[in-house]
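One structure below.
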Amino acid sequence: MKVFKFGGFSVSSAANIKQLVKIIKQGKDDQILIVVSAMGKTTDALEALSNAYNNAHDDTFQLLSGIKNYHEGVMKELFGTEHHPVFDEIANTFIEIEWMLDDEPHPDHDFSYDQIVSVGELLSSKIISAYLKECGLDNKWIDARSYIHTDNTYKEGAIDWAKTKTSISRLKDIPGQNIIISQGFIGGTSENFTTTLGREGSDYSAAVFASCLGAESLTVWKDVPGIMNADPALFGNAQKYERLPYSEALELAYYGANIIHPKTVKPLQNSDIPLYVKPFLSPDESGTRIDGTTELNTDIPAIIVKKNQTLLTVSTKDFSYMDETLLSILLKGLADAHIKQNMIQLSALSVSLSLDKDEIKLKKLTDQLSEMFEFSDIQGLSLLTILHFNPRDIDSYISGKSVLMEQFSKNKAQFILQ
Ligand code: ASP
Ligand code: MG
């Protein structure tokens with residue numbers, strides 16, 4: 001079995017969904033499990049809806065109707081009539097959110113976020129399943145919440161691997177069913193509530209399915225030619241990798257290359273399943289293959305820019321040294337607030353950390369530790385990471401910017417730039 005993942009762009013319009021069908025037709029001699037994201041920017045729109053509901057704003061139904069109109073527009077273009085049964089199915093899927101919106105905000109905002117935002121993937125997968133059938137491609141729609149089992153950490157569900165593997169393995173024996181379609185990004189708790197796996201988590205879902213199925217490969221279809229050593233919009237001479245080892249793909253994703261979700265590679269590496277990143281609009285091109293046998297080519301530097309960074313400086317209040325005990329309290333605070341640090345630098349009386357911008361999480365941290373530490377932050381920065389750098393080229397990467405923090409190791413140079 002092969003696993004194909006189609007992101008928001010690939011399912012954002014009737015034309016793109018037709019392109020998806022073309023790709024499935026080309027591969028239909030294999031058994032394929034399709035994992036889809038929500039259509040276009042639907043997750044952003046549902047996030048806005050969830051915020052409005054959680055804060056009891058009165059524009060929830062207006063926000064919802066924008067989302068409905070978008071989906072209906074795409075369906076009309078695909079099916080040419082409003083009499084196709086999928087219109088009722090989609091209307092019923094929306095009813096679940098409507099019931100919630102009629103109620104008072106739920107006290108756990110993360111819980112209601114997941115119940116609302118998860119609908120994007122349910123909608124897209126139902127529309128695409130119906131359209132594949134319309135095109136003569138019989139398929140089975142499955143609800144990812146019955147296969148990807150998580151704990152109840154809403155917005156960041158942690159996968160119960162043993163249970164998930166047992167459930168997903170059952171998909172191997174569906175007789176005569178060559179195409180299965182499911183959702184990325186969502187999972188279910190043991191009480192049958194919906195969780196999400198973190199923004200952009202559909203790649204990760206696809207890797208979980210591939211790994212638990214022991215799939216032949218996972219292909220992530222994207223609106224880029226493959227994995228590049230730099231963002232071509234920022235660096236004119238960016239080049240595409242034909243092949244990459246897992247270890248390098250892991251690093252690229254970790255430092256913020258916007259190609260695949262950072263959690264995607266590990267499950268594939270553990271099960272030795274190759275990952276292809278291929279261009280959705282030119283499916284015959286080679287894309288990039290990531291696997292465990294490719295040798296790392298250190299001649300090409302990887303240049304990764306992670307935007308929206310906050311540089312947080314944490315100092316001790318009483319001018320005592322930033323020792324192991326204080327450091328461990330700070331790190332525990334970060335973990336409790338679910339904050340991931342991207343770069344850290346220690347000095348005698350303070351620690352500086354680069355964090356993804358998230359004011360709610362940052363406030364949680366600073367409130368919790370305000371008795372022990374002084375906090376100050378600078379927002380709107382970027383983190384530049386260069387792997388396999390050539391010291392001669394460094395100046396060209398940072399010219400015109402001010403460097404607020406830097407770190408060098410043998411293979412890696414990092415800068416916080418303003
Ligand atoms: N639809 C979700 C998001 O936009 C998950 C994904 O696309 O990977 O974050
Ligand atoms: Mg997406």
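Just follow the structure's listing: the first ligand is 1, and inside any ligand the first atom is 1. Positions are given from 1 along the sequence.
A donor-acceptor contact shorter than 3.5 Å links the side chain of T189 to the backbone of E191.
Residue contact annotation: G184 has no non-hydrogen atom under 4.0 Å from ligand 1. Not a single heavy atom of H261 sits less than 4.0 Å from an atom of ligand 1.
Residue K5 places no N or O, backbone or side chain, under 3.5 Å from any N or O of ligand 1. Where the criterion is an N or O separation shorter than 3.5 Å, residue side chain and backbone included, D203 fails it with respect to ligand 1.
With 3.5 Å as the limit, one finds a donor-acceptor pair spanning the side chains of T294 and D291. Residues Q345 and S352 have side chains that never bring a donor and an acceptor to within less than 3.5 angstrom of each other. Side-chain atoms of E374 and S315 include no donor-acceptor pair closer than 3.5 Å. Counting only N and O atoms by type, the side chains of Q239 and N237 include no donor and acceptor under 3.5 Å apart.
Under the salt bridge (charged side-chain N to carboxylate O under 4.0 Å, His left out) criterion, D108 pairs with no residue at all, not counting sequence neighbours.
Within ligand 1, the atoms closer than 4.0 Å to a non-hydrogen atom of R199 are 3 (C), 4 (O), 9 (O), numbered from 1 in the order shown. Applying the 4.0 Å criterion to heavy atoms of S37 picks out, from ligand 1, the atoms 6 (C), 7 (O), 8 (O). If you number the atoms of ligand 1 from 1 as listed, the ones under 4.0 Å from a heavy atom of E121 come out as 1 (N), 2 (C), 5 (C).
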